[in-house]
Amino acid sequence: MTNQASTQKLHKKKRFDLVDVVLFLFLTAWGLIILLPFINVIAISFSSYKEYLATPLLMFPKEPELKSYQELFEDGRIWIGYRTTLIIVLIGVPLSLFLTSSMGYALSRRKYPGKKLILMLVLFTMIFQGGIVPLYLVMKDLHLTNTIWSIILCSGMNTFYMILMYNYFQSLPDSLVESARLDGAGEWTILFRVILPLSLPIIATVTLFYSVDKWNEWFNAMVFVRKAEIQPLQLILRSMILDSQVANEAAATVAIEDRSFSSGIKMAAVVVTMLPIMCVYPFLQKHFAKGVMVGAIKA
């Protein structure tokens with residue numbers, strides 16, 4: 001019996017080893033499929049127009065150059081875009097976190113009056129929305145159009161992120177809140193000194209989500225903002241890419257070496273746009289997986 005059991009364990013181990021090898025090969029192939037376009041974007045941003053025409057699927061440019069980045073940063077509009085986007089991120093992310101965490105905490109309390117009705121109304125907005133025209137009319141009546149506040153306040157809270165926080169707060173023991181109340185703590189004190197310090201995974205996750213949303217903001221800015229001096233980075237880059245494409249099409253008689261490389265400028269714009277978020281992600285990575293898993297499962 002002992003020999004038979006050891007044989008079965010050995011067979012089972014070999015089977016799992018085979019499964020591990022298959023999964024490793026599959027995930028490696030999948031990772032390369034994701035990574036290759038990313039490498040191609042970076043390679044095109046450093047290549048010349050002539051080299052790109054010869055081999056559009058570039059991985060490593062033979063003669064790398066910074067002409068696309070030079071043309072991108074020589075345009076003063078990009079610094080206006082960076083400034084506006086940084087203001088939106090620095091003001092919008094803390095405001096959205098405050099609104100999301102406070103509402104998620106309130107709805108997570110089991111004795112909160114009207115909790116089910118409010119939660120249903122919040123979930124209703126995920127399916128049915130008023131549309132962009134009523135939102136524009138509200139911003140116009142509040143005299144917020146052509147201001148940064150219209151971009152920040154129109155997306156103050158994301159319902160899905162609030163549900164993540166709501167589920168995470170529900171997973172915390174009620175005894176923590178009751179103990180704090182017995183010590184005389186109010187609701188705001190409980191939220192900021194008890195609940196939030198224990199909720200770093202979900203806070204880091206939602207912070208990353210909001211940071212990406214605010215950094216990539218363009219649609220609301222396109223609707224509410226007409227002033228060129230307060231347009232965010234995404235709109236500025238869009239205008240610059242369109243201008244380079246028009247100039248490239250108009251310069252049909254210019255030599256290839258002297259033409260504006262619109263695809264290179266486009267890829268350079270992609271790189272400078274995603275680089276700041278890529279620098280922030282490693283600092284939040286250790287909390288990210290735990291926050292998503294716990295916040296997505298209702299306790």
Side-chain angles (χ1 to χ4, degrees), residues 85-130 135 149 151-183 185-217 219-220 276-299:
T85 298
L86 282 175
I87 293 173
I88 293 172
V89 171
L90 293 177
I91 298 176
V93 172
L95 177 62
S96 297
L97 280 174
F98 172 75
L99 295 174
T100 306
S101 59
S102 57
M103 188 169 189
Y105 168 71
L107 294 177
S108 67
R109 298 303 92 202
R110 289 176 172 79
K111 296 182 181 180
Y112 188 83
K115 167 186 170 180
K116 291 185 177 179
L117 176 62
I118 296 174
L119 189 58
M120 287 178 62
L121 292 175
V122 171
L123 293 174
F124 182 83
T125 63
M126 294 182 67
I127 306 171
F128 303 100
Q129 299 180 3
L135 184 60
W149 290 107
I151 306 172
I152 295 172
L153 296 178
C154 71
S155 57
M157 188 186 75
N158 186 291
T159 306
F160 174 69
Y161 303 160
M162 192 279 293
I163 297 299
L164 289 179
M165 275 200 166
Y166 161 78
N167 288 332
Y168 192 96
F169 291 157
Q170 275 200 325
S171 68
L172 298 176
D174 289 338
S175 57
L176 293 172
V177 177
E178 296 300 330
S179 299
R181 286 201 181 112
L182 290 175
D183 292 336
E187 296 297 340
W188 290 111
T189 304
I190 295 172
L191 173 61
F192 286 106
R193 301 188 64 178
V194 178
I195 300 298
L196 292 185
L198 297 173
S199 307
L200 290 181
I202 194 64
I203 291 174
T205 303
V206 174
T207 299
L208 182 62
F209 286 164
Y210 273 128
S211 299
V212 174
D213 289 347
K214 303 298 183 184
W215 185 264
N216 292 328
E217 176 61 57
F219 181 75
N220 293 321
I277 295 297
M278 290 179 64
C279 294
V280 171
Y281 179 75
F283 297 99
L284 304 176
Q285 183 181 7
K286 63 179 181 179
H287 301 296
F288 184 75
K290 183 179 178 182
V292 172
M293 291 301 296
V294 178
I297 299 174
K298 184 176 180 180

Do [X] and [Y] have side chains that get closer than 4.5 Å, going by heavy atoms?
X	Y	answer
Leu172	Ile195	yes
Leu119	Ile163	yes
Met165	Tyr105	no
Thr85	Glu217	no
Val194	Val177	no
Val212	Asn216	yes
Tyr210	Met157	yes
Ile88	Trp215	no

Are the side chain of Ser96 and the backbone of Gly92 linked by a donor-acceptor contact shorter than 3.5 Å?
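Such a contact is found between Ser96 side chain and Gly92 backbone.
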
Can a donor-acceptor pair be found, under 3.5 Å and without considering hydrogens, that links the side chain of Asn158 to the backbone of Phe160?
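A pair under 3.5 Å: yes.
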
Is it true that the side chains of Thr205 and Tyr161 contain a donor and an acceptor less than 3.5 Å apart?
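Note: Thr205 and Tyr161 side chains miss the donor-acceptor criterion.
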
Please tell me whether Lys115 and Ser108 have a donor and an acceptor in their side chains that are separated by less than 3.5 angstrom.
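There is no such pair (donor and acceptor under 3.5 Å, judged by atom type) between the side chains of Lys115 and Ser108.
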
Rounded at 0.5 Å granularity, tell me how far [atom1] in [X] sits from [atom2] in [Y].
X	Y	atom1	atom2	result
Phe128	Leu123	CZ	CG	12.5 Å
Phe192	Ser101	CZ	OG	6.0 Å
Asn220	Ile152	CG	CD1	11.5 Å

Checking Met162 against Leu99 for the side chain to side chain contact (heavy atoms under 4.5 Å, CB included) test, could you report, in this order, the C-alpha distance in whole Å, the side-chain angles of both residues, the deciding distance, and whether it holds?
CA-CA 9 Å; Met162 192 279 293; Leu99 295 174; over 6 Å; no

Tell me, with the steps shown, if Leu153 and Leu95 meet side chain to side chain contact (heavy atoms under 4.5 Å, CB included).
CA-CA 9 Å; Leu153 296 178; Leu95 177 62; 3.8 Å; yes

Does Phe98 have its ring centroid less than 6.0 Å away from the ring centroid of Trp188?
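Yes, the ring centres sit under 6.0 Å apart.
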
Look at Arg181 together with Glu178 and state whether they make a salt bridge at an N to O cut-off of under 4.0 Å.
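Looking at Arg181 and Glu178, the cut-off is met.
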
Is there a side chain to side chain contact (heavy atoms under 4.5 Å, CB included) between Leu107 and Ile118? Walk through the geometry before answering.
CA-CA 8 Å; Leu107 294 177; Ile118 296 174; 3.8 Å; yes

Pick one: which of Leu196, Leu198, Leu164 meets side chain to side chain contact (heavy atoms under 4.5 Å, CB included) with Phe169?
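Among Leu196, Leu198, Leu164, the one that satisfies the side chain to side chain contact (heavy atoms under 4.5 Å, CB included) with Phe169 is Leu196.
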
Apply side chain to side chain donor-acceptor pair (under 3.5 Å) to residues Lys214 and Ser155 and explain how you reach the verdict.
CA-CA 9 Å; Lys214 303 298 183 184; Ser155 57; 3.2 Å; yes

